[in-house]
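Worksheet: the structure to be examined is printed underneath.
We count ligands from 1, going down the list as the structure has it; atoms in each ligand are counted the same way. Below, each value reflects all heavy atoms present in this structure, side chains not excepted, and no hydrogens, waters or symmetry copies. We count residues from 1, following the sequence as given.
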Amino acid sequence: MNIPVITIDGPSGAGKGTVSRLIAQKLGWHYLDSGSIYRSLAIAVLNQNINVDDVQAIVLAAQKMSLQFDCSDQLRVKLDAQDISERLALEETGNTASMIAAVPEVRAVLLQKQKDFQKLPGLVADGRDMGTVVFKDALYKVFLTASAEERAKRRYKQLIEKGIDANLDRITNDIEERDRRDQARSTAPLVQAEDALLIDSSTLTIDQVVEKVMNLVR
Ligand code: C5P
């Protein structure tokens, strides 16, 4: 059976999460935040004091980890029955996630966990390689981007609102570094799929972006 998928790829902070969640809500479809799978593995790696260069140990941790997702309101994730939701957004988690995401063996283990989200009546999947690798045959593909400066400002605001201490310069550097790593890796690099619609959200509101994606689906 052909279960429809909308993929929304792009760099971190472009608004993929918010936009994808709203579209999934509007359509009554499932939602996959694939970054949170990489972030959960990063937390497992940090918890077990695994060195980010120790591919074998990271692959083992990825195979062994059990994840439970609750996407009903705010995303809540349990790693081996422990609630890790609050730690997902931390910069340390994101940076570690981006390092381990560059390892092909790690991506291979996480592939099926992502594909399992494709269920009726449909799926909105956000990430870096949703339209190019994981859901290559998706019906609708979007590449959502924004300038690094704008993305850093948004991330800063998000963290402050959550009561997490943040520094704008450091976030801008982290975002640029992560972009470089995500684009330069040899396996599943961050690139726009040939058949994806490009949306630059730098000067658009969330509602305007949602409207553009909904027009594609209509
Ligand atoms: O999207 P988010 O910032 O939560 O992702 C954290 C990191 O996980 C990214 O910097 C990226 O390196 C990695 N990632 C990935 N492929 C995905 C989703 C996330 O490599 N589909």
Side-chain angles (χ1 to χ4, degrees), residues 5-21 31-46 52 55 58-59 61-62 65 67 69 71 74-77 79 84-118 123-136 138 141-146 148 151-152 154-156 158-159 162 164 166 171-193 196 201:
V5 179
I6 303 173
T7 61
I8 303 191
D9 288 308
S12 65
K16 299 185 305 278
T18 313
V19 168
S20 304
R21 201 183 304 270
Y31 167 52
L32 164 64
D33 169 359
S34 62
S36 70
I37 296 185
Y38 287 91
R39 284 172 182 267
S40 300
L41 177 58
I43 293 174
V45 164
L46 290 166
V52 288
V55 173
I58 300 172
V59 167
M65 73 175 177
L67 295 179
F69 285 85
C71 302
Q74 284 284 55
L75 176 71
R76 300 218 68 91
V77 181
L79 165 67
I84 54 162
S85 316
E86 308 304 327
R87 287 176 67 192
L88 286 175
L90 297 180
E91 290 303 295
E92 183 194 28
T93 308
N95 288 333
T96 307
S98 145
M99 283 187 254
I100 59 182
V103 183
E105 294 89 333
V106 171
R107 304 195 72 85
V109 176
L110 298 185
L111 195 61
Q112 192 56 45
K113 284 190 200 291
Q114 298 170 77
K115 288 187 188 244
D116 288 344
F117 278 79
Q118 188 176 5
L123 174 70
V124 183
D126 99 48
R128 304 294 187 289
D129 61 341
M130 298 296 98
T132 51
V133 178
V134 184
F135 303 108
K136 256 203 308 265
K141 298 183 184 179
V142 171
F143 192 82
L144 183 60
T145 187
R151 288 184 285 128
R154 291 178 192 168
R155 183 71 95 193
Y156 175 80
Q158 259 175 8
L159 291 171
K162 283 186 181 161
I164 300 171
I171 293 174
T172 310
N173 286 338
D174 278 357
I175 279 192
E176 285 170 349
E177 178 63 34
R178 207 179 305 169
D179 282 357
R180 263 194 297 278
R181 215 163 25 222
D182 288 349
Q183 286 159 356
R185 69 179 174 224
S186 52
T187 310
L190 172 65
V191 281
Q192 180 182 347
S201 73

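Evaluation of the side chain to side chain contact (heavy atoms under 4.5 Å, CB included) rule for Thr93 yields Arg39, Ala42, Ile43, Leu90 as partners, not counting sequence neighbours. Under the rule for a side chain to side chain contact (heavy atoms under 4.5 Å, CB included), the partners of Leu46 that lie at least two apart in sequence or sit in another chain are Arg87, Glu92, Thr96.
Screening residues 105-114 for side-chain hydrogen bond (donor to acceptor under 3.5 Å, both in side chains) gives Tyr38-Arg107, Arg107-Asp129, Gln112-Asp116 as the qualifying pairs, with residues at least two apart or on separate chains.
Salt bridge present: Asp182 and Arg128 bring a charged side-chain N and a carboxylate O closer than 4.0 Å. A salt bridge between Arg151 and Asp179 is present, with a side-chain N of the basic residue lying under 4.0 Å from a carboxylate O of the acidic one.
Less than 6.0 angstrom separates the ring centroid of Phe117 from the ring centroid of Phe69.
Protein neighbours of ligand 1 below 4.0 Å, counting non-hydrogen atoms: Ser12, Ser34, Gly35, Tyr38, Arg39, Ala97, Ser98, Ala101, Arg107, Gly127, Arg128, Asp129, Met130, Arg155, Arg178, Asp182, Arg185.
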